[in-house]
Amino acid sequence: ARPLSGYTVLDQGAGMVDVSAALRAFRSRLADPWSRRVFDFKVEAPSSTLPVKGTGSFWRAGGWAPPIDEPAEVSVSMRYPATVGPKERADTRAEVSLSSSAGWLKVPRARLALRGEGKGTFTFHVDPAGVARPGVHVATIRGRGPGRTGFVLPVTVVTPHPAVQQDGIPTVRLAGVRVEPAGMVRVPFSPPPGSRSMTLAIRAAGRSWASLTALVFDGRGHRVGIGDGQISSVQGKAVQAVLTERELPDGGAGELVLWGQPAASQPSTVEVEARFYALEAEPIGRLEGAPGQAPLARSRVLNRMGASFQGAVRGRIQGVAQTFQRSLNREPVQHRIHLTPEFEGFEVALELSDEDWNRFTDIAVNVLDSEGRAVVRSGFTNPRMTVRVDNPGKGDASYRLEVLGGRGEFGGPEARLGITVRHIWAQPVSLNGTVGGDARVRIPPVSAATVEVRADRMPPAAPGGTHWFGELDFVSQRDGAVWLRLPLQLQGGR
């Protein structure tokens, strides 16, 4: 394979396939006696975000990586073709020399001795000075065995951009970020302790050209929704997103990835701003009110920020939702969904545990109408996904959700698929909050206030087994930033 200019091994893997070179390498290995005896090496290395060892070593731990006094241990063993018998395997001895592609990645000078099918181990550590600059640092450890045998171990260290206090708000602000056509820029970030929400703004820098796509990944490397993620100076598109506490990186640094459109005529230049907020609100579980009065609820809100919150509290109850689980095995999961005219559409949120998701090679998600025509054809690319279907506006409508998974191997524990079906009203119920009767809500730093949230009318009763759902935003008066987006899951009875 040929390496792609401008991409690290983390982005491109082995690179662009080179058929001629691959054929020459294949013939060369066939002619090598050692390659006919040792097929390849099994390499198992630790990572900060995975409970088990893998074929790469990834450190997404706020810039921390194994230091000299706490090195990471890697195990290596030889793997043999089926034509090599037990005695020949047991008698095989090999020495592997180790080297690193970057000065900050330190490996031992001594050779690694391997015997038979047993494991040998070596350690590596990272020079913190070499990965101090914010960004994604990638290097490889190469093991060279006898003949043409060997292995490559990629090592990645993610150092997040620091959040600097600006007017009492932890902020990551990058000006003049340049992204080449078909190029990629990674911007790692780590929410300060106690963060409950994050706002993200990406726009063309001044009058600069921009045509790119933004993607956000959480601390486990799973994609987080921020809309279509398009930034275009020509079309006037920008990203303005709010990440709730559930979407913030958990157990590692998150990452913003900027990808330049391949057809762009020139590099893109954008401004990036991420702000982190620490308002804490007690969950709201139900609305209360006397007959004939608009229902209300109360929540105690604590401001852990160094800045005062001044603004409005507003939101809406969007509809009714039902949450349940199904077993995802060989047979497809099916669920029928009915739409009536008071709903503008429905959403289906699907979720698997990381452990269950890793058991599948692919998972297809389809939504079929009453005539069997597919209105949604999609699939899992992360453990969580959401699909939406709008009401066609022709009276009642019926649909069938189908989820079909392809397991990597037969057997194993049963996989449980979490399903939430949200019916979205055409006319949501508005919510407004006050403190002491004042719609201008003010919560000083390191202080608390009780916010009274009142609905503009009584929502329609939720059918049995369902609940009302929605969200409540704390919106800054100064710049319109959402300091907190509180998801609502309310009992829907009267």
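Excluded from the calculations below are hydrogen atoms, water molecules and symmetry mates; all remaining heavy atoms, backbone and side chain alike, are included. All values reported here derive from a predicted model rather than from experimental measurement.
Checked by atom type and distance alone, the side chain of Thr361 pairs as donor or acceptor with a backbone atom of Gly406 at under 3.5 Å. Not a single donor-acceptor pair under 3.5 Å links the side chain of Asp473 to the backbone N or O of Val475. Asp356 places no side-chain N or O within 3.5 Å of a backbone atom of Leu352 that could act as its donor or acceptor partner. Although no hydrogens or angles enter the test, the distance criterion places no donor-acceptor pair under 3.5 Å between the side chain of Ser398 and the main chain of Ser370. In terms of modelled atom types and a separation under 3.5 Å, the side chain of Thr159 and the main chain of Val131 share a donor-acceptor contact.
Between the side chains of Ser77 and Glu117, no donor-acceptor pair is found at a separation under 3.5 Å. Glu273 and Thr171 are not linked by any side-chain donor-acceptor pair at a separation below 3.5 angstrom, with hydrogens and angles left out of the test. Side-chain contact, Gln322 with Thr466: no donor N or O sits under 3.5 Å from an acceptor N or O. When only modelled atom types and interatomic distance are considered, Asn366 and Arg400 share no side-chain donor-acceptor pair under 3.5 Å. Side-chain contact annotation: Thr420 with Thr323, donor-acceptor N/O pair under 3.5 Å present.
Using a 4.5 Å heavy-atom threshold, the side chains of Met184 and Leu258 count as separate. Residues Val257 and Val185 form no side-chain contact, since every pair of their non-hydrogen atoms from C-beta on lies 4.5 Å or further apart. At a threshold of 4.5 Å between non-hydrogen side-chain atoms, the residues Gln230 and Gln261 count as touching. Using a 4.5 Å heavy-atom cutoff, the side chains of Pro162 and Pro134 are in contact. When side chains are defined from C-beta on, Pro46 does not count as touching Glu73, because their heavy atoms never get closer than 4.5 Å. Between Val451 and Phe474, some side-chain heavy-atom pair lies under the 4.5 Å cut-off. The closest side-chain heavy-atom distance from Tyr399 to Val376 is not below 4.5 Å. With a 4.5 Å cut-off on side-chain heavy atoms, Leu484 and Tyr277 do not count as touching.
In the displayed structure, Phe343 atom CZ is contacted under 6.0 Å by more than 12 heavy atoms of other residues, nucleotides or ligands. With a 6.0 Å radius and a threshold of 12 heavy atoms from other residues, nucleotides or ligands, Arg359 has its CZ atom above the threshold. By the neighbour-count criterion of 12 heavy atoms within 6.0 Å, atom CZ of Phe324 is densely surrounded, having more than that number from other residues, nucleotides or ligands. Counted within 6.0 Å of CD on Glu331, heavy atoms from surrounding residues, nucleotides or ligands total 12 or fewer; the atom is thus considered open. Within a 6.0 Å sphere centred on CD of Glu355, heavy atoms belonging to other residues, nucleotides or ligands number 12 at most.
One finds no salt bridge joining Glu471 and Arg316 here, because no Lys/Arg side-chain nitrogen approaches an Asp/Glu carboxylate oxygen to under 4.0 Å. Of the charged side-chain nitrogens involved, none lies within less than 4.0 Å of a carboxylate oxygen, so that Glu402 and Arg326 do not count as a salt-bridged pair. Using a 4.0 Å cut-off between a side-chain N of Lys or Arg and a carboxylate O of Asp or Glu, Lys119 and Glu44 qualify as a salt bridge. Using a 4.0 Å cut-off between charged nitrogen and carboxylate oxygen, Asp218 and Arg60 do not count as a salt-bridge pair.
Cation-pi contact between Arg223 and Phe217: absent, since separation from the ring centre below 6.0 Å together with deviation from the ring axis within 45° is not met.
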Go through Leu296 and Leu287 one step at a time and tell me if the side chain to side chain contact (heavy atoms under 4.5 Å, CB included) criterion holds.
CA-CA 5 Å; Leu296 59 85; Leu287 297 176; 5.9 Å; no

Salt bridge (charged side-chain N to carboxylate O under 4.0 Å, His left out) assessment of Glu347 paired with Arg422
CA-CA 5 Å; Glu347 291 180 342; Arg422 305 186 187 103; 3.3 Å; yes

Evaluate Leu153 against Thr140 for side chain to side chain contact (heavy atoms under 4.5 Å, CB included), listing each step before the verdict.
CA-CA 5 Å; Leu153 171 66; Thr140 56; over 6 Å; no

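Nearest heavy-atom pair across Ala214 and Leu256 is CB-CD1, 4.0 Å. Heavy atoms only, all atoms of each residue included: Pro341 and Asn391 are closest at CA-ND2, 4.1 Å. For the residue pair Gln318 and Pro428, the shortest heavy atom distance occurs at CA-CB, 4.3 Å. Contact record, Trp468 with Pro460: NE1-O, 2.9 Å, taken as the closest heavy-atom pair. Considering every non-hydrogen atom in both Ile443 and Ala449, the closest pair reads CG1-CB, 4.0 Å. Heavy-atom minimum distance, Arg196 versus Leu248: C-CD1, 3.9 Å.
Legend: residues meeting ring pair (Phe, Tyr, Trp, His ring centres under 6.0 Å) with Phe380, ordered by chain and number and at least two apart, are absent.
Rounding to the nearest 0.5 Å gives a distance of 9.5 Å between CH2 of Trp483 and OG of Ser197. With rounding to the nearest 0.5 angstrom, the CZ atom of Arg186 is 4.5 Å from the CD atom of Glu255. Taking CD of Glu247 as the reference point, atom NE2 of His222 lies at 14.0 Å (rounded to 0.5 Å). Going from atom CZ of Phe151 over to atom CE of Met78 covers 12.0 Å, rounded to the nearest 0.5 Å. Remark: Phe189 CZ to His161 NE2 distance equals 11.0 Å, nearest 0.5 Å. One finds the CD1 atom of Ile337 at 8.0 Å from the CG atom of Leu339 (value rounded to the nearest 0.5 Å).
Here side-chain hydrogen bond (donor to acceptor under 3.5 Å, both in side chains) pairs that include residues 376-388, with residues two or more places apart or in two chains, are Glu344-Arg388, Arg388-Asp390.
Classification of the His423-Phe346 ring pair by plane angle, with boundaries at 30° and 60°, yields tilted.
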